[in-house]
Amino acid sequence: MTGRASESDTVIETVALSKWYGEVIGVNNFNLRIRPGITGIVGPNGSGKSTLFKLALGLIRPNAGDITVLGEKPWRNAPLHSSIGFCPDYESLPTEATGREYLRLIGGLHGMKDDTLSKRTIEVSDLVGMRRALDRKTGGYSRGMKQRMKIAGALIHDPDLLILDEPLSGTDPLVRKELIDLIKSLNKDHGHSVVVSSHVLFEIERMTHDVVLIYKGRAVATGDIYEIRDLIDKHPHNIIVEGEGIESLAKILLGEGYTVSVAYGDDRNSITVQVLRPDDFFNRLPELIQQSGCAVRTMYSLDDNLEAIFRYLVGR
Amino acid sequence: MDLDRAFTGIIAITRYSIRKLLFSRKAVITTLVAVFVAAVMGYAGTQDVEPLDEGVNLLDTLILLFFMPVMAMIYGSSLIRDEIDDKSITHVATAPLDRAYSYAGYYVPLVIAVAISMIIITTAGFVAFFAQKGIDSDSLSIYLAFTSLVIIGSVVYSALFLSMGVLFKKPVFFGLFYAFIWEAFIGSLPGVIQKASIRHYLRSIGFEWVDYGSISHYGQATGFFDSVLVIIVLTITFLILGAYLFREKELA
């Protein structure tokens with residue numbers, strides 16, 4: 001694992017951490033240990049990712065339990081912020097300011113001034129590929145440029161730990177790839193530990209194998225993404241197949257070892273197949289369709305969305 | 001805490017906030033108020049009135065009693081609250097700067113912006129009236145007295161309304177209540193109850209400085225040094241209260 005925080009073996013640790021807003025639970029009895037490197041926090045919208053980050057940044061205080069960041073408690077701990085860079089998931093750039101003015105503001109807030117600040121402004125804008133846009137007003141930036149400039153702001157004071165909240169949100173595929181490469185480089189080439197959130201597992205998978213899956217304020221799975229995928233594969237997947245003459249396919253499927261159940265739709269032109277080992281199902285399907293003589297019109301998995309995966313993991 | 005670093009941080013917030021305050025829509029409000037005051041006082045200047053007394057009364061009513069708290073409320077109550085609501089406060093809240101210092105970084109530019117705004121409005125009214133009646137040493141001393149009073153007013157009202165922006169989710173409602181109901185109504189009641197308004201102490205200081213108009217006959221006036229002391233104590237109290245609330249505030 002690369003990273004300057006690697007002298008310590010933990011960058012963020014929570015023990016029975018809970019935070020609620022009135023009757024709404026943000027995180028609930030949350031236990032987590034994040035090591036140096038890149039760690040992905042994955043969860044559907046409203047799962048508690050942003051609450052976890054706010055707790056890590058000391059913006060809010062826990063109702064119960066403990067959180068430590070780089071070995072220190074973050075609430076009312078302003079000096080700790082010199083070691084953390086934060087890129088929020090919302091629009092936070094002052095639209096009337098240029099990129100340079102924005103970076104000088106953030107640098108100034110971190111106690112940087114004069115030549116040091118000017119030099120660092122150039123360095124980070126180079127790093128995120130925004131040097132040529134430094135003197136343009138941020139209000140005119142594209143979504144991808146704004147994300148890069150926010151990351152530059154998070155990097156200006158050269159922190160040990162970067163917390164990036166949904167940095168890929170709303171970007172097009174090309175920009176997404178560039179940002180993923182940038183985030184990987186920030187860890188590999190520049191030694192920053194990165195904690196990055198997303199509600200898309202696939203995006204995180206392209207950055208790191210270390211993931212934490214959050215659902216309804218709890219860490220439901222932590223560790224290597226392949227192990228988590230294995231865990232997911234142990235649970236039945238629901239696949240809907242629609243077409244003509246589908247009954248013959250249903251009969252054949254019931255004889256397959258990975259099939260748990262087959263249920264007909266109301267019109268008998270569709271079936272919901274519950275399978276273990278979905279890869280085996282998809283590999284065998286063309287042959288089974290040919291064998292049954294049915295005509296498949298559409299097919300889709302009910303479990304492609306993250307919400308379904310989390311429901312599996314929490315047994316609901 | 002490294003004081004040099006804290007000072008650099010305060011300067012960064014001050015620079016950013018002063019730009020935001022002076023070159024925003026609020027500057028349009030200042031211009032409109034200045035035009036309004038100039039129009040009213042300019043019209044009064046065309047009438048056959050005793051210039052020094054009438055000029056002072058107009059500055060007293062329009063500037064000190066009405067627009068001073070109103071402008072401070074417009075600038076002050078939304079400064080921190082807007083940043084909390086649109087989450088741009090995150091930059092400040094995630095900086096390695098104690099929030100009490102950050103609070104000072106908001107207060108200083110607020111005082112500057114309110115003072116500049118009020119000096120512009122006072123100057124507009126003064127010029128519109130006294131240019132017609134003749135500007136001499138007496139009228140200039142009136143001008144200096146009122147500009148000094150609005151600067152003092154900016155210091156204390158800014159501290160009050162900035163703390164309201166941290167304390168309340170809808171500070172404008174409370175600000176309007178204070179500026180229009182409390183200051184205007186309580187401050188004009190006879191008896192000791194008017195001492196519960198800031199304007200009473202500003203007028204008490206003005207009583208010592210101005211020899212014309214109704215302010216020079218202010219019968220309820222508190223002594224000069226007591227008034228200055230009350231204003232200093234109020235300012236410090238509001239600042240400590242606001243900084244404490246800001247430090248303890250959860251920014252969800």
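Here the structure is a predicted model, which is why all the values come from computation and not from measurement. Below, chains carry the letters A, B, ... as their sequence lines are ordered, and counting in each starts from 1.
Note: B:Thr94 OG1 to A:His110 NE2 = 5.5 Å, rounded to the nearest 0.5 Å. Note that CD1 of B:Ile10 is 10.5 Å distant from CG of A:Leu109, once rounded to the nearest 0.5 Å.
Around atom OH of A:Tyr21, more than 12 heavy atoms belonging to other residues, nucleotides or ligands sit under 6.0 Å away. Atom CZ of B:Phe173 is surrounded by 12 or fewer heavy atoms from other residues, nucleotides or ligands within 6.0 Å. Within 6.0 Å of CH2 in B:Trp182 there are 12 or fewer heavy atoms belonging to other residues, nucleotides or ligands. By the neighbour-count criterion of 12 heavy atoms within 6.0 Å, atom CZ of B:Phe168 is densely surrounded, having more than that number from other residues, nucleotides or ligands. Crowding of B:Tyr244 atom OH: a count of heavy atoms from other residues, nucleotides or ligands under 6.0 Å not exceeding 12. Within 6.0 Å of the CG atom in A:Asp135, the count of heavy atoms belonging to other residues, nucleotides or ligands exceeds 12.
Of the residues considered (A:Gly111, A:Gly153, A:Gly26), A:Gly111 shows the highest number of contacts with chain B, using heavy-atom pairs under 4.5 Å. When A:Arg104, A:His157, A:His81, A:Met112 are compared by the number of non-hydrogen pairs under 4.5 Å with chain B, A:His81 comes out ahead. The candidate from B:Gly105, B:Gly9, B:Ser88 with the greatest count of non-hydrogen atom pairs under 4.5 Å with chain A is B:Gly9. When the candidates A:Pro94, A:Gly58, A:Pro88 are compared by the number of heavy-atom contacts under 4.5 Å with chain B, A:Pro94 comes out ahead.
If you measure heavy-atom distances from A:Glu96 to chain B, the contacts under 4.5 Å come from the backbone alone. In this structure, chain B has a heavy atom under 4.5 Å from the side chain of A:Arg76, while its backbone stays farther away. For A:Leu105, the parts sitting under 4.5 Å from any heavy atom of chain B are the backbone and the side chain alike.
Within the structure, every pair that satisfies the side chain to side chain donor-acceptor pair (under 3.5 Å) test and touches residues 151-168 of chain B, not counting sequence neighbours, is listed here: B:Tyr157-B:Glu183.
In this structure a side-chain-to-backbone donor-acceptor pair under 3.5 Å is missing from B:His91 to A:Tyr102.
In plain terms, the two heavy atoms of A:Lys54 and B:Leu251 that are nearest each other are CD-O, 4.2 Å. Summarising the geometry of A:Trp75 relative to B:Arg99, their closest heavy-atom pair is CZ3-NH2, 4.4 Å, with the distance given to 0.1 Å.
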For the pair A:Leu59 and B:Lys87, evaluate side-chain contact (heavy atoms from CB on, under 4.5 Å) and give the outcome as yes or no after the intermediate values.
CA-CA 11 Å; A:Leu59 295 175; B:Lys87 296 184 180 176; over 6 Å; no
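Listed by sequence position, B:Ala12, B:Ile13, B:Tyr16, B:Arg19 are the residues of residues 12-29 of chain B in contact with chain A, using a 4.5 angstrom heavy-atom cutoff.
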